[in-house]
Amino acid sequence: MTFKTDVYHKSLNPQWNSEWFKFEVDDEDLQDEPLQITVLDHDTYSANDAIGKVYIDIDPLLYSEAATVISGWFPIYDTIHGIRGEINVVVKVDLFNDLNRFRQSSCGVKFFCTTSIPKCYRAVIIHGFVEELVVNEDPEYQWIDRIRTPRASNEARQRLISLMSGELQRKIGLKVLEMRGNAVVGYLQCFDLEGESGLVVRAIGTACTLDKLSSTAAFLPACNSPSKEMKEIPFNEDPNPNTHSSGPSTPLKNQTYSFSPSKSYSRQSSSSDTDLSLTPKTGMGSGSAGKEGGPFKALLRQQTQSALEQRGGSPHRFCRNREFPFFTLTAFPPGFLVHVGGVVSARSVKLLDRIHNPAFVGIMGNTRSYKLLDWNSFNSDEPETRDAWWAEIRQEIKSHAKALGCHAVVGYSESTSICEEVCILSASGTAAVLNPRFLQDGTVEGCLEQRLSWQPGFFSIGSEKGEVDFFPQSQDSSSLLGQEENLPAGCGFCHIPYDELNMPFPAHLTYCYSCRKQKVPDVLFTTIDLPTDATVIGKGCLIQARLCRLKKKAQAEANATAISNLLPFMEYEVHTQLMNKLKLKGMNALFGLRIQITVGENMLMGLASATGVYLTALPTPGGIQIAGKTPNDGSYEQHISHMQKKINDTIAKNKELYEINPPEIPEEIIGSPIPEPRQRSRLLRSQSESSDEVIELDLSHGKKDAFVLEIDDTDAMEDVHSLLTDVPPPSGFYSCNTEIMPGINNWTSEIQMFTSVRVSRLSNINLTNQTLNKNFNDLCENLLKSLYFKLRSMIPCCLCHVNFTVSLPEDELIQVTVTAVAITFDKHQAVQTTKTHVEKSLQRASTDNEELLQFPLELCTDSLGPHPFSPAKEHLESASSNSGIPAAQRATSIDYSSFADRCNSWIELIKLKAQTIRRGSIKTTVSVEKASPLTEGHFRQRSAPACANSTVGVVKMTPLSFIPGAKITKYLGIINMFFIRETTSLREEGGVSGFLHAFIAEVFAMVRAHVAALGGNAVVSYIMKQCVFMENPNKNQAQCLINVSGDAVIFVRESELEIMSTQQPIASCQPACGGGEIAT
Amino acid sequence: MTNELDIFVGNTTLIDEDVYRLWLDGYSVSDAVGLRVRSGILEQTGATAGVLQSDTMDHYRTFHMLERLLHTPPKLLHQLVFQIPPSRQALLIERYYAFDEAFVREVLGKKLSKGTKKDLDDISTKTGVTLKSCRRQFDNFKRVFKVVEEMRGSLAGNIQQHFLLSDRLARDYAAVVFFANNRFETGKKKLQYLTFGDLAFCAELMIQNWTPGAVDSQVDDMDVDLDKEFLQDLKELKVLVADKDLLDLHKSLVCTALRGKLSVFPEMEANFKNLSRGLVNIASKLTHTKDVRDLFVDLVEKFIEPCRSDRWPLNDVRLFLNQYSASVHSLDGFRHQALWDRYMVTLRSCLLRMYHD
């Protein structure tokens, strides 16, 4: 559907205020399609020139409690020229009721990128895993691409992806509704650019029923489901959730993991249903656990399992999630996580099928046959294949988890790496035992609800903290948890869920250092954030393992085989490196572990990032001991001992640096050691058992469990060297890849999110694994060093959520992309009062700055008068209303049931009001000529939005789920944007760096503009999921694709919150000024 | 292994003041890195030269991208691409438009044309300001000039509004524009001792008092050109020196009033007629564009140099000028008191400011 405005002649500041566009849209289309606005430069004789486009995702307008209007300045974006101006657009949607039980739309389901329960919501039920994927042909590879312009091709691609992600979101939404949820948390959507074989958009998430916090209205979990009577069904029909928990004597046979045999697919349309009937082998995992792991564990597992099952058993439920008890969340309400088993991961190498495209034979050939062959085959076959691939991987993950005695996987994520026609699918997560209570619907009681409502947010001061204190830990206890109830807080999750005599892998178990009752492993690797109740000693740090392996260039199957053969070795070495580095830091647990394996033409790269911490519950890590293979040689031994000394020094230094000083515990308190076949967990480079002759050089770090590193070849030597080359961040800097830094909790409000990209060309001659490793290591280390240098003005600060992505765009190119946020903190462990004092003085400083800049403020007051509806004013109003009224009152004003009706079906009405384009073209760069004819009046008019932009419109971006020193008062909707930028004048745009720098800045700008238009002032859980960069310097061309997402929110500074409660609007222009605080 | 691409993009654009200064000063990336190394930053931060190189490149790229916006500062405030806090925006603009004293003295009063631009390399060699920086400064002058040239309203006010400069800098630019428009000669050797501050001071007074804007705030070009009518009227002052009686009367009034108060009284008395003739002749000649251009040369030649050669202290100059202009009010035969004041008030302040070594 396309509408056209009149031509606004002879102006660089056109306005189309007079006209409104109202049109009806089908609800499905509304969810799938973005609103597109194209701005053209009118030419009388030739075709109109495109200036650029704006894509607006109207999904946020479809949830009742999110934004009601999208209004603001949007950058006009062109895929060839970038941002070329701005247009002010107002969009409204009116939903009409239409009861249709066969609807395909799922408006009203909220999506969150945040991988924890969003602040200002509480989880009533966490339903579980939802996934979906959609496949299409990539327009870039269609025959038509040979005759159309790059711009047309890029726009087709952008639009298609927008469409596909809309469709995906809608389909996921439908699944959520079928599960009777109302939200998806930890929503992760990814694109696989498979080249000629197509374009896959896939998404995973965790379906939840969320309730707005402090809402007094009774909440109906299923109110969104199409048929009203269904609402009453669930709790009555469900068997009593406690029946299976009759006691430890429950026969083991009942423990089959038969998830939902009675699957009832309510519809067929979903193109990617994982239709495998999965009856996993009830092998080692559960069986062994039952045998020896104590009745308690079996009970617990079974309990949860039954909780999972029983809802699956309900005939009205669509129970796909039972197949995969996965959770994309990384942080949980307290008590949710009972035990953590460890990281589970699975990878698989697949060959992408080439699809014969008849268009390659004759460009203008028979279109009909082309369509038949292509689109049909695509739409029917492809999703099945891809879905089956993923199902396979998920199945493997599930069985791994089972082997660890766990029934669930948390912190789950999936990724791909594609090179030519080979694709590596990866999935990883943390095997865990969850508290069944949280997975059941009916049993939620008052206190539990409140506990659930508490958000992991101990970092922020104020009201939230008060809440924490309000709920004593003893509430963790429940009859179900049995002996767990006596445990001191914060060690439960470390206790092994698996059977110690039948362990799935060799591990060294001891009694928990906190409670002394349960067994814990010597190290713990997880993909989740540090649980809020976990007790750690000292601070954490970013630990990375980096690895490259050369591989022969090969085609198709040979290539896939070569990769498959290399993968296990890479996994092993990455793991070894992580372990070594962890020991070197004197720490015993890894959180947020993310292992990325990237495939290139002639090499494989592995990059693992995690945050190391010292968990009090786990034993003190032993040191690293080096064992030489040929101990007879004197000089060699000297060398070894020298190395050993260096390592010991490093460990000691690290312990000091990260303030790791665990209390010394006399051995006897720990109790009798567990019968242990090995006293040392050895890392053997070869099978030779020369470690008997280990030189006992140092015993200060190692007790009996020293970590032995045997160096018997140059390879290992190099490993030791690389261990020591990692330099710690400069003083005042900390870094981690989790949400928050363990051990730091006095954040101040300054944040700086950034993206840094480096592409390195390898000198191609005689590449060996060693040089490659060194190059890669240097690349990452230098990148980190650069970040520390750039952000030095923020010291003391911490780089949080450091997210490295590696790709191999060409033979000799390595691309590393890092997105992270730097957050300042107060060096002194500040008491709350002093902290607020600091904040206030900071604020004062920023207002002082404001005063220095008199002129824009003057203009501002000048222009605000005659423009009562200027964005600035609106901002003021919204800010005041948001902050002035407590969240509770606003929440109560939302009528859920009427909302459900509204959602049921529709006729939409979109009102689009395009007001003005400023600066139609940037081509005319000589600004003097343009500025001079401006009259005063003109200038003044233009200064209104200027003020809005420069002072009111500060939008913060952060990969974290929170904003330090501030409270998120409202979630406005998900931001999911995909952009393509291409250039045929690379040199003129400042080369590859200039090109990409400008593009990323533009992407940030477009994200900010969308958030601001929704009425928000921040994006949380921001992530750059893809940054695909291709260049062809010889042709002076480059292309880049970027995919970003996040949650648009409104936040209010805690300091302002206090002011707001006592004062009225005048103060509300402060956020604007407050936004001025930034790195200096 | 070489980095083909190396970028850092912050949600809030990072601005390093030191690097910005180096960029403005026209240093190449490698020179800037060299200077930063010498500043001891590596020791302070423990960074490597490679890190510094990458950081400098990154900042330079950012500045390069911002430069287009800095040409029209309001655009910097409007744009959405770079999120920069207001205080930083102000800093960027202010520094970008700041200029070197040495440079401005070279181009002050010159036509801001292509011809002058060609001479910039000479100026660069002479002043030690890099050519790049000279170009930037010159282009700034030219850009500001073009925008405000034909605008009504206060010159400094217009500059401030369109370029968002601080009050101080806007007034300096007003002086530059005023000098460029009237093409006052400032480059002569005998004028070299005058600082930009001196000249800007004079320009400001002339803008205040001698332009059409001084009498009517609603005319075009009110602050840029000298008031033609006023210049025409100044011819009337000639009577002060042409009429011998009037000149003698004037002299006696001044001498009576200053007797015993000046250390250089005899010299003053001897030179009075010359000085008065000089000042009045300057006024009466201002109808000719050529003489307008030579205004400062004439002031120095006709007044400052004679006084200086007689070693008048500044205070005596002040007393003399005060008395000299005040006494005219007592001349009954002289009818152009208002005109005289409009001329002399400005001239007196200018001369006093210019009277130094």
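Throughout, protein chains are lettered first and strands after them, A, B, ... in sequence-line order, and every chain is numbered starting at 1.
- Here the closest heavy-atom approach between residue A:Phe74 and residue B:Leu80 is recorded as C-CD1, 4.5 Å.
- The residue among A:Lys785, A:Arg758, A:Met957, A:Glu1031 with the most heavy atom pairs within less than 4.5 Å of chain B is A:Arg758.
- The distance from atom OG1 of A:Thr755 to atom CD1 of B:Ile7, rounded to the nearest 0.5 Å, is 8.0 Å.
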Result block: side-chain N/O donor-acceptor pairs under 3.5 angstrom for residues 988-1002 of chain A, not counting sequence neighbours:
unit_1: A:Glu988; atom_1: OE1; unit_2: A:Asn1036; atom_2: ND2; d: 3.2
unit_1: A:Glu989; atom_1: OE1; unit_2: A:Arg981; atom_2: NH2; d: 3.3
unit_1: A:Glu989; atom_1: OE2; unit_2: A:Thr983; atom_2: OG1; d: 2.7
unit_1: A:Ser993; atom_1: OG; unit_2: B:Asp6; atom_2: N; d: 3.3
unit_1: A:His997; atom_1: ND1; unit_2: B:Arg61; atom_2: NE; d: 3.2
unit_1: A:Glu1002; atom_1: OE1; unit_2: A:Arg981; atom_2: NE; d: 3.4
unit_1: A:Glu1002; atom_1: OE2; unit_2: A:Ile83; atom_2: N; d: 3.0

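- For the pair B:Thr12 and A:Lys956, the minimum side-chain heavy-atom distance is 4.5 Å or more.
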### Task
Begin with the C-alpha distance, continue with both residues' side-chain angles, and end with the deciding distance and a verdict on salt bridge (Lys or Arg N to Asp or Glu O under 4.0 Å) for A:Lys790 and B:Asp16.
CA-CA 9 Å; A:Lys790 281 212 171 281; B:Asp16 185 309; over 6 Å; no

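- Remark: B:Asp121 engages no residue in a salt bridge (charged side-chain N to carboxylate O under 4.0 Å, His left out) (not counting sequence neighbours).
- Atom CD in A:Gln815 sits 11.5 Å away from atom CD in B:Glu4 (nearest 0.5 Å).
- Note on B:Asp55, B:Leu52, B:Asp58: by heavy-atom pairs under 4.5 Å with chain A, the leading option is B:Asp55.
- With a threshold of 4.5 angstrom between heavy atoms, A:Phe1029 approaches chain B through side-chain atoms but not through N, CA, C or O.
- No more than 12 heavy atoms of other residues, nucleotides or ligands lie within 6.0 Å of CE in B:Met57, so this atom counts as exposed by the packing criterion.
- Partners of B:Lys132 by salt bridge (charged side-chain N to carboxylate O under 4.0 Å, His left out), not counting sequence neighbours: none found.
- Heavy-atom neighbours of chain A within the stretch residues 34-47 of chain B, taken at a separation under 4.5 angstrom, comprise B:Arg36, B:Ile41, B:Thr45, B:Ala47.
- For a residue to count as touching a neighbouring chain, one of its non-hydrogen atoms must lie under 4.5 Å from one of that chain's; by this rule A:Leu783 does not touch chain B.
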### Task
Dump the intermediate steps for side-chain contact (heavy atoms from CB on, under 4.5 Å) on B:Val9 and A:Phe1004, then the final yes or no.
CA-CA 9 Å; B:Val9 192; A:Phe1004 286 0; 3.9 Å; yes

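- Listed for the A:Arg1008 side chain is a donor-acceptor partner under 3.5 Å among the backbone atoms of B:Val81.
- A side-chain donor-acceptor contact under 3.5 Å links B:Asn11 to the backbone of A:Val955.
- With B:Gln83 contributing its side chain and A:Ala1005 its backbone, the two residues share no donor-acceptor pair below 3.5 Å.
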